[in-house]
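Counting begins at 1 with the first residue of the sequence. Just so you know, ligand 1 is whichever comes first in the structure, and atom 1 is the first atom listed for that ligand.
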Amino acid sequence: MKLLVVEDEIKLGNYLKQGLMEAGFVVDVATDGLNGQHLALTEKYDLIILDIMLPFIDGLELIQIIRKENIATPILLLSALDKTQDKVRGLDTGADDYIAKPFDFAELLARVRSLLRRKSKDIKPTKIQIGDLSVDLIKRVVNRGEKKIDLTNKEFLLLEFLLSYKGEVVTRSLIASNIWDINFDSDRNVIDTMIKRLRNKIDNDFDKKLIHTVRGMGYILELR
Ligand code: CA
């Protein structure tokens with residue numbers, strides 16, 4: 001996932017780049033509106049984090065330029081202007097979310113992830129391929145290579161859920177509340193048992209494992 005940060009405060013720009021890189025993103029930083037415009041229009045990004053007060057072209061103007069070019073990349077506005085009017089203007093102009101400075105990095109990261117998820121849901125793929133695993137979400141057909149894999153309804157939902165977070169850690173409590181609507185503390189065995197069953201079907205007979213345990217956190221589905 002590649003992000004563009006347009007921020008003229010060098011220190012803040014570097015801080016964001018560092019934090020986002022540690023979170024696994026590839027990050028370009030532009031330090032003024034003109035450079036931001038150039039990068040936004042010539043490179044392909046999954047998300048743009050945009051300051052409002054910028055030299056040459058301000059953030060609100062830049063949103064209009066980007067949207068005029070039919071670039072639908074999600075935009076998270078970043079600004080010291082914590083006034084309702086500016087938020088409204090920013091969102092009306094085509095930004096997707098807004099966070100006021102000073103902000104907590106964890107909150108910024110949560111918003112970034114949320115926007116990226118929303119974006120991937122908008123596209124609504126009907127088929128997902130990861131390694132030799134292919135999942136037809138409409139027909140509910142799962143294959144690894146040539147081998148068809150039969151899943152129960154719950155197993156399929158679990159796989160679909162893990163795929164929607166592909167490459168990100170999914171906690172047991174997130175699985176519990178989304179797939180089973182149960183209290184994680186009292187029913188954690190349910191999750192582990194179901195993961196085990198899914199693994200037996202998806203991974204056991206294959207060299208390349210796709211479902212990995214992240215100790216103390218949960219599970220991650222990815223090709224390693
Ligand atoms: Ca600024």
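Expressed to the nearest 0.5 Å, how far OH of Y98 lies from CG of L91 amounts to 8.5 Å. Rounded to the nearest 0.5 Å, atoms CD (E146) and CG (D132) are 10.0 Å apart. Remark: R67 CZ to L62 CG distance equals 10.0 Å, nearest 0.5 Å.
Comment: D46 does not engage K2 in a salt bridge, judged by the lack of any side-chain N to carboxylate O separation of less than 4.0 angstrom. E155 and K201 are joined by a salt bridge, as a carboxylate oxygen and a charged side-chain nitrogen come within less than 4.0 angstrom of each other. Ion pairing between a basic and an acidic side chain is recognised when a charged N comes within 4.0 Å of a carboxylate O; D203 and K209 show no such pairing.
Annotation: protein N, O or S atoms under 3.0 Å of the Ca ion (ligand 1) (waters excluded) comprise D8 OD1, D51 OD2, M53 O.
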